[in-house]
Amino acid sequence: MVTSNLRPHALRVRDRGERLSARLDHLASGSVSLNRLHYGADVTISEIAPEQGEFLLSLPVGGRARFAYGDTTAVLGPGTASVVSPYRDFRLDIDGGFDQVVLRLDRQRVERTAALLTGSAEAVPVHFDLAAGSVSTGLLGLIEAAIQLSTDPRLDNRPRLAVQLETLLTETLLLGYPNNLSKKLGGAAESPSSDRVRRAMEYMLANLPESFSLSAVARHCEVSLRSLQIGFRRELGLSPGNWLRTQRLDRAHALLAAADPASTTVTATALACGFVHLGDFAAQFKQRFGESPSTVLRKSDRGGSRRR
């Protein structure tokens with residue numbers, strides 16, 4: 001089952017007198033999958049093919065394990081993270097108490113996204129560092145959003161949202177987790193003209209309900225993602241992502257303040273403004289406006305909503 005849902009491999013129980021007590025919880029969202037994996041015994045995992053078709057991000061939540069990839073090794077436990085890339089041989093020595101959440105990402109999609117971010121015409125191999133001290137809160141939020149997207153039957157257009165969310169997950173991992181492209185992705189770039197920045201703003205406002213990636217905005221404006229970030233900092237003092245989030249929050253507040261509670265829900269409004277993680281939406285909304293989305297919606301029924 002783990003081979004089918006994560007990666008083909010060989011499994012060996014290190015103590016022949018020990019029995020497996022394994023559990024795998026698997027949740028798929030498009031070509032991304034989220035998994036909770038616990039073997040309950042000391043096991044060794046190793047490759048059975050020279051190259052693989054996926055990247056695996058491991059987020060340990062208990063116990064210890066020793067991961068080896070190529071000539072690199074790392075000892076993992078709670079509070080650390082590891083990406084096992086698909087190009088070299090790997091060996092995972094896992095203790096019986098090791099418990100992990102594993103995010104599986106398709107290799108071709110990661111390499112194509114890396115090409116778009118770096119301006120390459122062809123897919124780009126990505127060699128992530130084997131271990132990192134932590135992962136960004138943004139990536140963790142997107143993982144939670146993927147769980148919600150897969151399990152909430154009330155959400156419309158889930159296949160389309162799944163593809164968009166996978167792109168966001170892949171971009172966030174490439175930009176926030178150390179890899180061989182990090183210097184190129186975070187290095188110097190030309191500052192775009194004010195017209196390009198304005199064009200980006202117009203594009204984002206026109207597509208506000210969509211969960212598009214910032215690389216799509218950069219492609220539309222014919223600049224690199226790094227250049228787009230520099231332009232927004234110069235013109236607005238904000239990153240493109242922060243500016244976009246502010247616009248979406250303001251749109252959501254305006255819609256809720258003018259809505260009929262009998263025919264509108266907070267969830268529908270959040271999705272209409274491009275939010276897929278409803279928990280983050282509620283927290284960001286309250287931080288910006290000082291009250292929850294549901295409070296604003298209830299006030300609109302009394303004609304007492306505050307406008308900002």
Side-chain angles (χ1 to χ4, degrees), residues 112-121 124 136-139 141-142 145 157 160-161 163-176 181-259 268-277 280-281 283-290 293 296 305-308:
R112 288 198 302 268
T113 303
L116 291 172
L117 291 176
T118 58
S120 173
V124 177
S136 68
T137 55
L139 181 61
L142 289 171
N157 300 318
R160 176 181 59 81
L161 290 172
V163 172
Q164 295 170 341
L165 186 57
E166 181 176 358
T167 300
L168 292 173
L169 276 166
T170 304
E171 287 186 356
T172 303
L173 185 65
L174 284 165
L175 294 170
L181 303 175
S182 293
K183 289 185 178 179
K184 189 171 185 179
L185 293 171
E190 294 183 1
S191 181
S193 67
S194 297
D195 287 342
R196 296 293 176 97
V197 174
R198 184 165 54 252
R199 183 178 176 185
M201 295 166 64
E202 292 171 351
Y203 176 88
M204 287 191 280
L205 288 174
N207 294 278
L208 210 59
E210 304 295 328
S211 297
F212 52 82
S213 65
L214 291 178
S215 62
V217 180
R219 290 196 301 274
H220 175 77
C221 300
E222 300 178 327
V223 297
S224 69
L225 179 58
R226 181 61 177 158
S227 293
L228 186 68
Q229 292 169 335
I230 291 173
F232 267 75
R233 289 288 183 188
R234 184 196 68 219
E235 298 285 331
L236 304 169
L238 296 169
S239 69
N242 287 339
W243 182 87
L244 175 61
R245 182 169 59 251
T246 298
Q247 303 307 308
R248 283 174 165 161
L249 288 170
D250 289 349
R251 174 77 63 84
H253 187 278
L255 291 175
L256 290 170
T269 302
L271 293 174
C273 295
F275 291 98
V276 294
H277 191 302
D280 275 358
F281 165 69
Q284 293 166 9
F285 189 99
K286 187 169 184 178
Q287 182 178 20
R288 179 162 177 78
F289 301 109
V296 174
S305 60
R306 293 183 295 172
R307 301 185 182 275
R308 300 188 180 202

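Count residues from 1 along the sequence.
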What's the verdict on side chain to side chain contact (heavy atoms under 4.5 Å, CB included) for Phe212 and Leu244, showing C-alpha distance, side-chain angles and the deciding distance?
CA-CA 11 Å; Phe212 52 82; Leu244 175 61; 3.8 Å; yes

Evaluate the criterion side chain to side chain contact (heavy atoms under 4.5 Å, CB included) for residue pair Gln284 and Arg245; output intermediate values, then yes/no.
CA-CA 9 Å; Gln284 293 166 9; Arg245 182 169 59 251; 2.9 Å; yes

Let's go through Asn242 and Phe232 carefully: what are the C-alpha distance in whole Å and the side-chain angles of both, what is the deciding distance for side chain to side chain contact (heavy atoms under 4.5 Å, CB included) to 0.1 Å, and is it a yes or a no?
CA-CA 10 Å; Asn242 287 339; Phe232 267 75; over 6 Å; no

With side chain to side chain contact (heavy atoms under 4.5 Å, CB included) as the criterion, how do Arg112 and Thr170 come out once you've worked through the C-alpha distance, each side chain's angles and the decisive distance to 0.1 Å?
CA-CA 10 Å; Arg112 288 198 302 268; Thr170 304; over 6 Å; no

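Looking at heavy atoms from C-beta onward, Thr269 lies out of side-chain contact with Pro293 at the 4.5 angstrom threshold. Using a 4.5 Å heavy-atom threshold, the side chains of Leu173 and Leu169 count as separate.
A pairwise comparison of heavy atoms in Asp250 and Arg288 identifies OD1-NE, 2.8 Å as the closest pair. Considering all non-hydrogen atoms of both residues, Gly241 and Leu214 come closest at N-CD1, 3.9 Å. Shortest non-hydrogen contact noted between Arg199 and His220 is NH2-O, 2.9 Å. In this structure, Phe281 and Ala252 approach most closely via the heavy-atom pair CE1-CB, 3.7 Å. The two residues Leu181 and Ala114 make their nearest non-hydrogen contact at CD1-CB, 3.7 Å.
The closest donor-acceptor contact from the side chain of Arg196 to the backbone of Leu228 lies at 3.5 Å or more, if one exists at all. Formation of a donor-acceptor pair under 3.5 Å by the Arg251 side chain with backbone atoms of Cys273 is not found in this model.
Taking the side-chain hydrogen bond (donor to acceptor under 3.5 Å, both in side chains) definition, one finds that Glu235 meets it with Ser194, sequence neighbours left out.
Atom CZ of residue Arg248 and atom CZ of residue Phe275 lie 6.5 Å apart, to the nearest 0.5 angstrom. Atoms CZ and CD, on Arg198 and Glu202 in that order, are 6.5 Å from each other to the nearest 0.5 Å. To the nearest 0.5 Å, atoms CD (Gln287) and CG (Leu249) are separated by 9.5 Å.
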